[in-house]
Amino acid sequence: MIFPNVAAMRAREWKDKSSYTYGLHGTPTTYQLEERLATLEGGLQCLLVPSGLAAIANVALALLRTGDEVLIPDNAYGPNKSLAEVELRHYGIRHVVYDPLDPADLEAKITSATKLVWLEAAGSVTLEFPDLIEQVRICRRHGVTTALDNTWGAGLAFAPFDLLGDGQLGVDISVHALTKYPSGGGDVLMGSITTRDQPLHLRIKLTHMRLGLGVGGNDVEAVLRSLPSVALRYHAHDAATRSLARWMKGQPGIAQVLHPALEDSPGHAHWKQLCGKSNGGTGAAAGLFSVVIDPRHGQQQIDAFCDGLRLFKIGYSWGGPMSLVVPYDLPSMRSGPSHHLKPGTVVRFSIGLEAVDDLRYDLAQSMARAFAVA
Ligand SMILES: *Cc1c(COP(=O)(O)O)cnc(C)c1O
């Protein structure tokens with residue numbers, strides 16, 4: 001930003017969107033995307049950051065001080081837990097892991113030191129859907145700030161700031177990895193932090209400014225170009241995913257299929273309550289599902305199954321046009337027991353925009369080869 005004279009430079013205010021002073025703190029291009037995302041999620045303020053993980057870190061560093069505690073669900077996005085386990089610990093901030101399927105466990109772990117509770121619906125990798133309404137009620141009752149990792153819902157599956165549809169109950173903060181659906185191309189990294197409270201927003205924004213977490217204008221431009229098609233893409237990914245998840249349930253060697261829209265998937269009733277009415281009553285869900293592969297198939301067979309897929313590529317992330325697969329070592333990722341999961345190895349699929357018949361054929365051919373020798 002070049003100012004016409006010194007008086008104009010002194011008069012500039014960067015904390016709201018009336019003008020701008022320095023690209024790192026926001027430009028008209030970033031303001032545009034921030035406003036559209038706030039509208040999408042039902043928030044009033046939004047801040048862009050260089051990644052979804054930067055959004056998580058920005059919130060934590062803005063709200064937590066030495067001696068504070070942060071509560072994190074056991075099935076949270078892994079790097080959120082790592083941030084707390086290592087970086088936050090160095091600052092004397094304690095993290096406590098709670099059971100996402102047991103609101104009583106969350107309530108029992110809130111203490112006078114608890115300053116932030118992370119929520120995630122559905123959970124990462126295992127896709128359990130929590131009783132988000134009850135979790136937010138509990139945090140409200142104890143006066144604790146809630147931050148939802150809303151990457152899965154994308155502002156489309158449910159309204160994070162209006163969980164009951166009457167404007168009475170919502171999270172305080174919604175963070176979103178724009179890297180996934182809003183970008184849609186699998187080629188841009190970005191995150192957002194949306195709120196409905198100006199003082200809370202300002203607190204996060206000042207930390208954002210001090211840490212230098214601004215985003216590049218060309219990346220913002222790419223997300224602005226993709227955003228108008230996000231709902232169409234989300235629901236297309238959803239339909240294909242549900243069709244494949246249901247089909248996988250009947251396949252030999254598959255002990256369990258995890259997708260919140262499946263009746264027997266953990267937390268299905270909570271998914272139905274929160275997301276069941278969207279998209280004309282079919283409900284809405286992201287394009288992810290996981291399977292638990294029967295323990296009679298060893299690691300070598302599971303690796304061979306993933307390697308044998310031709311359309312599915314091996315890779316993390318999701319929300320792009322290309323289908324992806326990742327096998328996980330779940331016991332190394334969870335603190336507590338997972339009684340709701342069958343024994344076996346978890347493999348996660350992210351469904352892209354390829355023809356669903358081709359994807360089904362690909363899964364069938366690779367399973368037939370890899371699992372033939374049981
Ligand atoms: C991918 C992801 C993130 C992090 O996003 P990046 O832009 O890759 O840092 C955060 N939360 C969830 C649930 C994610 O899937």
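When a ligand or atom number is given, it counts from 1 through the structure's own listing order.
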Any N or O of [X] that comes nearer than 3.5 Å to an N or O of ligand 1?
X	answer
Gly52	yes
Asp149	yes
Ser124	no

Please write down residue, atom name and distance for the protein heavy atom closest to [atom].
atom	answer
atom 1 (C) of ligand 1	Lys180 NZ, 1.5 Å
atom 5 (O) of ligand 1	Ala177 CB, 3.2 Å
atom 7 (O) of ligand 1	Thr179 OG1, 2.5 Å

Just jot down the ligand 1 atoms closer than 4.0 angstrom to any heavy atom of [X], in number order.
X	value
Leu53	4 (C), 5 (O), 6 (P), 9 (O)
Ser51	7 (O), 9 (O)
Glu120	13 (C)

Is there a donor-acceptor pair under 3.5 Å between the side chain of [X] and the backbone N or O of [Y]?
X	Y	result
Gln135	Pro130	no
Glu120	Tyr77	yes
Ser290	Thr126	no

query: Considering only heavy atoms, does Trp318 approach ligand 1 within less than 4.0 Å through its side chain, its backbone, both, or neither?
result: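 Under 4.0 Å from ligand 1, Trp318 contributes side-chain atoms alone.
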task: Look at Arg89 together with Glu85 and state whether they make a salt bridge at an N to O cut-off of under 4.0 Å.
output: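 The answer is no: the pair does not qualify as a salt bridge.
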Residues Lys342, Asp294: salt bridge by 4.0 Å N-O rule: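 Asp294 and Lys342: not salt-bridged.
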query: Is the ring centre of His297 less than 6.0 Å from the ring centre of Phe371?
result: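 So the answer is yes for these two rings.
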message: For the CD1 atom of Ile173 and the CZ atom of Arg203, what is their distance to the nearest 0.5 Å?
response: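 Answer rounded to 0.5 Å: 9.0 Å.
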- prompt: Under 4.5 Å between any side-chain heavy atoms of Thr145 and Lys115, yes or no?
  reply: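 Not touching, per the 4.5 Å side-chain cut-off.
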message: Less than 4.0 Å is my threshold; does some heavy atom of Tyr316 fall inside it relative to ligand 1?
response: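 The answer is no, since Tyr316 has no heavy atom less than 4.0 Å from ligand 1.
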